[in-house]
**Student:** 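Let me begin by handing over the structure; questions about it come next.
Just the heavy atoms: all of them, side chains too, but no hydrogens, waters or symmetry mates, feed the values below. Sequence positions, counted from 1, serve as the residue numbers for this chain.
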Amino acid sequence: MTAKNQLEWLGEVGRAYPSRESAQHAWYENARLAGARQVLEAANATAIPLRTTKNWERVNELFNQYGANLFSGASSAKQVLEQVQREAGQD
């Protein structure tokens, strides 16, 4: 759902802040949050995008698969990260 019309609709009904600059006006006009526009415009102007690997979806799947072992104590962080890296590769 990245078409301008859909993003504007989401912004108008207060469901989401549109990622496309051309649709952000709809959210600003309907959010009614004092100072929100200035804060978000400043953040957008200085933000640094998060870069991911070509196989990020696979990495995410593996974190979901092995993350429970980390939180339950069945595996250490080192073990989980090594497992994810082995299965996903090092792209």
**Student:** Might you point out which heavy atoms bring Pro18 and Leu7 nearest each other, and give the distance in Å?
**Tutor:** CG-O, 3.6 Å
**Student:** Test Trp9 against Asn5 for side chain to side chain contact (heavy atoms under 4.5 Å, CB included), laying out the working first.
**Tutor:** CA-CA 6 Å; Trp9 177 80; Asn5 289 343; over 6 Å; no
**Student:** Please find the pair of heavy atoms, one from Val80 and one from Ser75, that lie closest to each other, and give the distance.
**Tutor:** CG2-CB, 3.8 Å
**Student:** By the salt bridge (Lys or Arg N to Asp or Glu O under 4.0 Å) test, which pairs, at least two apart or in different chains, include something from residues 58-77?
**Tutor:** Arg58-Glu61, Arg58-Glu87
**Student:** Please, which pairs that meet salt bridge (Lys or Arg N to Asp or Glu O under 4.0 Å) have at least one residue in residues 34-43, sequence neighbours excluded?
**Tutor:** Arg37-Glu41
**Student:** Might you point out which heavy atoms bring Ala26 and Glu12 nearest each other, and give the distance in Å?
**Tutor:** CB-CG, 3.7 Å
**Student:** So, for Ser22 and Glu8, which heavy atoms are closest and what is the spacing to 0.1 Å?
**Tutor:** O-OE2, 3.9 Å
**Student:** Check whether Gln79 reaches the backbone of Ser76 with its side chain - one donor and one acceptor, N or O, closer than 3.5 Å.
**Tutor:** yes
**Student:** Do any N or O atoms from the side chain of Asn30 and from the backbone of Gly14 form a donor-acceptor pair under 3.5 angstrom?
**Tutor:** no
**Student:** Hey, could you give me the CG/CG distance between Leu62 and Asn55, rounded to the nearest 0.5 Å?
**Tutor:** 9.0 Å
**Student:** Nearest 0.5 Å please: distance from the OG atom of Ser19 over to the CD atom of Gln24.
**Tutor:** 7.5 Å
**Student:** Please collect all salt bridge (Lys or Arg N to Asp or Glu O under 4.0 Å) contacts where either partner lies in residues 13-35, sequence neighbours excluded, each pair once.
**Tutor:** none
**Student:** Scan for ring-ring contact (aromatic ring centres under 6.0 Å, His included) pairs involving residues 19-61, sequence neighbours excluded, and state none if there are none.
**Tutor:** Tyr17-Trp27, Tyr17-Tyr28
**Student:** Which ILVMFWY residues can you reach from Val39 by hopping between side chains whose heavy atoms are under 4.5 Å apart?
**Tutor:** none
**Student:** Any pair with a residue in residues 61-82 that passes ring-ring contact (aromatic ring centres under 6.0 Å, His included), sequence neighbours left out, goes on the list, sorted by first then second residue, please.
**Tutor:** none
